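Structure record follows, encoded as structure tokens.
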Amino acid sequence: MRDVNADSQSVPKARAPGSASVLNRVAVPAGVLAAVAGAFAYVGTVDPNQPGHYPVCPLYALTGLYCPGCGGLRSAHEFIHGDFLAALQDNAIAVVGYLAFTVVWTVWVVRAARGRSARIELGRVQLWTLGALVLVFTVVRNLPFGGWLHP
């Protein structure tokens with residue numbers, strides 16, 4: 001007579017979806033959040049308004065023109081300290097980026113926890129629109145009437 005339990009032990013059991021698999025799926029988004037939080041914590045602690053802590057923008061140093069990233073560290077510092085108007089003044093496009101990161105990261109975590117793909121694909125129109133907005137922001141902040149966008 002055959003032992004039924006002996007045969008069933010040799011067959012691998014299917015893993016039931018549980019908390020361990022959810023933790024595995026959200027590990028990468030959690031790591032990205034930890035890295036971003038660490039960077040924001042550093043910028044929040046080390047004031048970019050004090051000279052000597054961060055390098056100067058090479059475009060600004062050579063030409064006197066503001067690039068789209070100029071004022072980004074000061075903006076992050078003000079954002080962390082809750083001064084949102086000053087953060088917008090230092091770099092408005094960076095503040096939009098912080099908020100966009102929050103939305104995209106949240107969607108990523110929810111989709112990963114559910115076991116779905118978190119891939120976001122932007123089409124040509126969206127990429128060109130994004131590039132045009134960054135270009136317009138950069139040009140306007142360097143024109144005389146765009147002084148309110150200077151960092």
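Nothing fancy with the numbering, it's 1 onward along the sequence. Note that the structure is predicted; figures quoted are calculated from it, not measured.
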In short, Ser75 meets Ala87 closest at the heavy-atom pair OG-O, 3.0 Å

Heavy-atom closest pair (Val22 atom, Ala113 atom, distance to 0.1 Å) is CG2-O, 4.1 Å

Criterion side chain to side chain contact (heavy atoms under 4.5 Å, CB included) on Phe79 and Val43, from CA distance to verdict: CA-CA 10 Å; Phe79 193 85; Val43 172; over 6 Å; no

When you measure from the side chain of Asp90 to the backbone N and O of Leu73, does any donor-acceptor pair fall under 3.5 Å? no

Yes or no on side chain to side chain contact (heavy atoms under 4.5 Å, CB included) for Trp128 and Leu122, after CA distance, side-chain angles and deciding distance? CA-CA 10 Å; Trp128 278 102; Leu122 297 176; over 6 Å; no

Hey, mind stepping through Val96 and Phe137 against side chain to side chain contact (heavy atoms under 4.5 Å, CB included) and telling me if it holds? CA-CA 12 Å; Val96 171; Phe137 172 76; over 6 Å; no

Using residues 102-112 as the side-chain source, report each donor-acceptor pair under 3.5 Å to any protein atom, sequence neighbours left out, with the distance given to one decimal.
unit_1, atom_1, unit_2, atom_2, d
Thr102, OG1, Tyr98, O, 3.0
Trp105, NE1, Pro29, O, 2.8
Thr106, OG1, Thr102, O, 2.7
Arg111, NE, Ser117, O, 2.5
Arg111, NH2, Ser117, O, 2.8

Does atom CG (Leu143) have a neighbourhood of more than 12 heavy atoms from anything else shown, all under 6.0 Å? yes

For side chain to side chain contact (heavy atoms under 4.5 Å, CB included), just list the numbers for Val95 and Phe84, CA-CA rounded to whole Å, side-chain angles, deciding distance to a tenth of an Å, and then say yes or no. CA-CA 8 Å; Val95 173; Phe84 302 118; over 6 Å; no

Rounded to the nearest 0.5 Å, the SG atom of Cys70 sits from the CG atom of Leu59 at a distance of 6.5 Å

Consider only side-chain heavy atoms of I, L, V, M, F, W and Y, link residues closer than 4.5 Å, and tell whether Tyr66 and Leu88 are in one cluster. no

Is it the case that one hydrophobic cluster holds both Ile80 and Tyr42, taking links as side-chain heavy atoms less than 4.5 Å apart, direct or via other members? no

